[in-house]
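Heads up, the thing below is written out as C-alpha cells.
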Amino acid sequence: MRMSRLFGTTLRHDPADAELVSHRLLLRAGLVRAIAAGIYCYLPLAYRSMRRIEEIIRQEMNAIDGQEVLLPVVHPAELWKESGRWFSVGPELVRFEDRGGRDMVLAMTHEEPVTDLLRREVSSYRQLPLLVYQFQVKFRDEPRSRGGLVRVREFTMKDGYSAHTDFEDLDRFYPYVRQAYENAFRRCGLDVVVVDADPGMMGGTASHEFMVLSEAGEDTLIHCQGCGYAANAEAARFAKGDPVGGDPLPLEEVATPGMKTIQQLADFLGVPTRQTAKAVFYVDQDGGIIFAVIRGDLDVNEVKLGNALRATELRPATDAELEAAGIAAGYASPIGVKGVKVVVDDSLVGAANLVAGANRAGFHYRNANFPRDFRADLVTDIALARQGDTCSVCGGELADQRGIELGHIFKLGTKYSQAMGATYLDPDGQEKPIVMGCYGIGIGRLMAAAIEQHNDDKGIIWPPAIAPCQVHVVGLNLDRAEIAEAAESVYESLGKRWEVLYDERSEQSAGVKFNDADLLGLPVRVTVSARSLKAGGAEVKARWAAASEVVPLERLEEAVEAALASWPGPQ
RNA sequence: CGGGGUGUGGCGCAGUUGGUUAGCGCGCAGCGUUUGGGACGCUGAAGUCGGAGGUUCGAGUCCUCUCACCCCGACCA
C-alpha cells in the first residue's frame, strides 16, 4: 500500500477530547474516527488489524471444532420476549418497530437467535455437542461510552455458543474454550489474566473474564499473590475471619447521639467495627426495599446482592423511601423491621453481641445476636472484597488492580434453552433441554488494549501478529531516479512476503516520514535513502528497538524476518 | 440520570468592558527551492462562531432555551 494513497490522515496534534493513550493514538494515527458518542468508523489500517485479530481467533475457534456462522443484527422482539430479556434488560437494549408495527430489537448479543436456531436444527443427542461462532456487530445503548474503543456502544464481537447434552459435557468442553482464548490473546501479543467473574445479565452458573491489566480499565480485579486466585471484584470471595465470639448478653438500648458513621459509633461505644452490624438499603425493580445487613468493617457488594435476590435492578434507596417505610436512616435496625426483605451477610452468623441500630434516631442496641434478635429472608455472601482482605483459598493477602475486560466466557446452562424450548431427544427417547455455553471477545476493544499495552511517547508499537502491515518502507531522496528505483524494488520484493506500507510521498520531509512511521507503529521500518544506499543497502529497524542496522538489499528479507522475530512481547 | 467542562475553517487554539471586513499555528491547493527526525519562500482556498429565540443602533462576545461532545459518578457481558 502506498502511503500517498492511504485513506486516513495522521494528526500532528493530540485531539482535545481523547484522554486514554489508545484513544489518542487511534485518532492521531488515522485509524478510527468517531461518528457519534461510542460509535466509530474504522479506517483501512484499523480494519486490517481487526481482520488479523479475527483471523487469529477464527483459527483458534476452528481448532476446537467451531463452525463460523452469521446471525442477524435485527431480531424480532418475540425471541427476546421468549427468553424474558425483553422485560429484564433495561434501555441499553434498543427497541424499535418496523413499518408493520412489529417490535424489533437491535442485537446486543445473540443468545436468542442462536437458541432459536438450535431448537430448529437440533433434535437428537447425536448432533451434540457443537460450537458455532460469528464475528458480528452488537449495539448496546450504554448510558455512558468513554475511552475511545475501550467502551463503545456499537462494536464487533466474536461470539460463540456451544450446545451440549448435559452439564458434564459443558464442563468437559469449557476448558478447551478457555485454552483457545488464552492462545488467541497470546498470539495477539497480549498478556491477559483470567479471573472468576459475575455472569450478570447473561445468567448461568460460572464465568471467566480475560483481562488486560491497565489503569485505564474499568474493572477492578482482586488477586492473591500467594496462590494466584484472581477474580473480578464483583465476584471475588475472601475470608472474613472468625466472628467476634462470646456468650449472648441481653439486648440493651444505648443513646448514641450524632453517631453517623460506623467508625464514630464503634469509637463511641468502645467496640471494634467488626462487632457492629451495618445496614444498607436498596430498592429493587418492583420498588421493594431491600435491607442488607453486614458486619461493620465490610462493604456490601451490590452485584452479589443482586444475584442473591435474582433482582434485575437494584439501586440505593433514598432517605425519603426509607422514611416512608418507617426506617430511621443512620439508626436503622434489622430488629423489628417489617415489610422489607432482609438479607444478612454470612459474616454475621455466629457473631455475638453486635451493635446495631435501634430504629430510633440517636439510639442503638448493644448485644444484638443473629438469629436470636432478628430474622433474615436470606443469609449469604454479599460482601465486597477489597485490597488487603484475606484470600479464602490460601490465607494470603489480596491485592487489587484495574483491568480491561477483553473476553468473557459463560456456562449458561439451560437458561435460554429452557425458556425457549430448545430440546433434544436423549438415547432413551427422553426430551431434554440443551445445555449451553457462550463465549465473547470484543475485537475493537482488543485492538485498543493492544495499543494501550504497547506504545511509547512517539506512537503505537504494534505486535507483529495484529499489525495492519508488518513492514513500513520509507523512501527518501526519491527525486533521484536510482534511489526511487531501489526503494520501489524493495517495496515490491518485501511485498511478496509481507504486507508493506510504502511511504513514497515526495513532498514530505524525512522528519515527517519518520514521525509518521513511529506514530503508525508498524513493526519493522525499512529506510531506503541516499545515505542508506551509500552505506550499502537499506536501514532496518524494529519499532520496539533503539538500534537499527544497514543491510545489503539482497539480504533484506532475512533481516526483516529477524527484526519481526525480535518482538519482545507474547506471541 | 446527577455533577463538571467544551463547542470559533480539517486539527490545535486566540478573540479585551458588545464596536469596522473574525484572527493565529499546523494542515490543505498552486509555483519554486528542499529530503536522515515534524524544511523554506511566495500565492491561494476554506469559517451558518453548535442551533433557535431574545436584548441592542450593533452580538463570536450579554440573556433564555436547546443540541452535540468530553471528563467524574451512577450504570454496564
Side-chain angles (χ1 to χ4, degrees), chain A residues 8-20 23-24 27-28 30 33-39 85 89-93 107-111 138 140-148 150-153 155 157-159 197-204 207-211 218-219 232 234-235 282 302-303 306 312-316 318 404-410 412 438-442 445 458-459 474-480 483-484 487 503-519 525 527-535 538-539 541 548 550:
Chain A
T9 45
T10 57
L11 271 32
R12 190 170 291 203
H13 303 285
D14 279 334
D17 51 12
E19 297 259 316
L20 285 194
H23 189 197
R24 229 181 61 223
L27 290 172
R28 277 199 59 200
R33 298 289 182 242
I35 200 168
I39 306 179
R85 287 205 286 190
V89 174
E92 61 267 31
L93 175 63
M108 59 185 289
T109 170
H110 285 80
E111 282 72 25
K138 310 276 188 279
R140 296 179 187 178
D141 197 1
E142 300 281 353
R144 181 187 165 202
S145 56
R146 59 186 128 186
V150 169
R151 182 184 176 101
V152 290
R153 293 193 294 169
F155 57 100
M157 170 180 273
K158 188 291 296 178
D159 49 328
D198 168 59
M201 74 153 185
M202 304 295 303
S207 81
H208 291 88
E209 288 170 331
F210 296 77
M211 298 276 196
E218 304 188 274
D219 289 283
N232 192 310
E234 293 176 351
Y282 296 90
E302 243 177 79
V303 174
T312 56
E313 216 181 294
L314 209 59
R315 59 169 176 80
T318 63
I404 302 171
E405 174 193 352
L406 297 187
H408 201 159
I409 61 179
F410 303 78
L412 283 181
C438 84
Y439 318 101
I441 298 177
R445 188 184 271 187
K458 289 177 175 297
V474 175
L476 302 177
N477 323 105
L478 297 179
D479 52 331
R480 288 166 55 182
I483 297 171
D503 192 346
E504 28 61 289
R505 294 174 297 179
S506 54
E507 65 287 1
Q508 308 293 339
S509 70
V512 168
K513 292 182 179 185
F514 286 135
N515 280 301
D516 273 347
D518 287 341
L519 176 60
R525 189 185 76 195
T527 306
V528 180
S529 66
R531 185 192 289 188
S532 79
L533 291 173
K534 195 170 176 188
E539 181 207 71
K541 179 180 174 300
S548 62
V550 175

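The sequence lines fix the lettering, A, B, ..., with proteins before strands; numbering per chain opens at 1. Only a predicted model underlies this, so the values are computations on that prediction, with no experimental measurement involved.
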Using a distance-only criterion (donor-acceptor N/O pair, under 3.5 Å, no hydrogens), is the base of [N] paired with the side chain of [X]?
X      : N     : answer
A/Q508 : B/G38 : no
A/S509 : B/G38 : no
A/R144 : B/G73 : yes
A/D518 : B/G37 : yes
A/R28  : B/G10 : no

So what does [X] touch, heavy atoms closer than 4.0 Å: a base, only the sugar-phosphate, or nothing?
X      : value
A/D14  : sugar-phosphate
A/K458 : base
A/E234 : nothing
A/L11  : nothing

| Closest nucleotide of RNA chain B for A/G511 versus for A/P15: which of these residues is on the 5' side? |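 It is A/P15, whose closest nucleotide lies nearer the 5' terminus.
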
| task | Could you say whether A/E218 or A/G147 is positioned toward the 5' end of RNA chain B, judged by the nucleotide with the nearest heavy atom to each? | result |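 The answer here is A/G147.
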
Mate of [N] where both pairing distances stay under 3.5 Å, Watson-Crick or G-U:
N     : answer
B/G73 : B/C1
B/C13 : B/G23
B/A45 : none

Mind calculating the distance between [atom1] ([X]) and [atom2] ([N]) to the nearest angstrom?
X      : N     : atom1 : atom2 : value
A/R153 : B/C70 : CZ    : C1'   : 14 Å
A/R531 : B/G37 : CZ    : C1'   : 10 Å
A/L27  : B/G10 : CG    : P     : 17 Å

| query | Which one, B/A39, B/C76, B/G36, comes nearest to the side chain of A/V512? | reply |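 Nearest to the side chain of A/V512 among the choices is B/A39.
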
| Pairwise distance CG(A/D219) to CE(A/M211) - rounded to 0.5 angstrom |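 One finds 4.0 Å between CG of A/D219 and CE of A/M211.
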
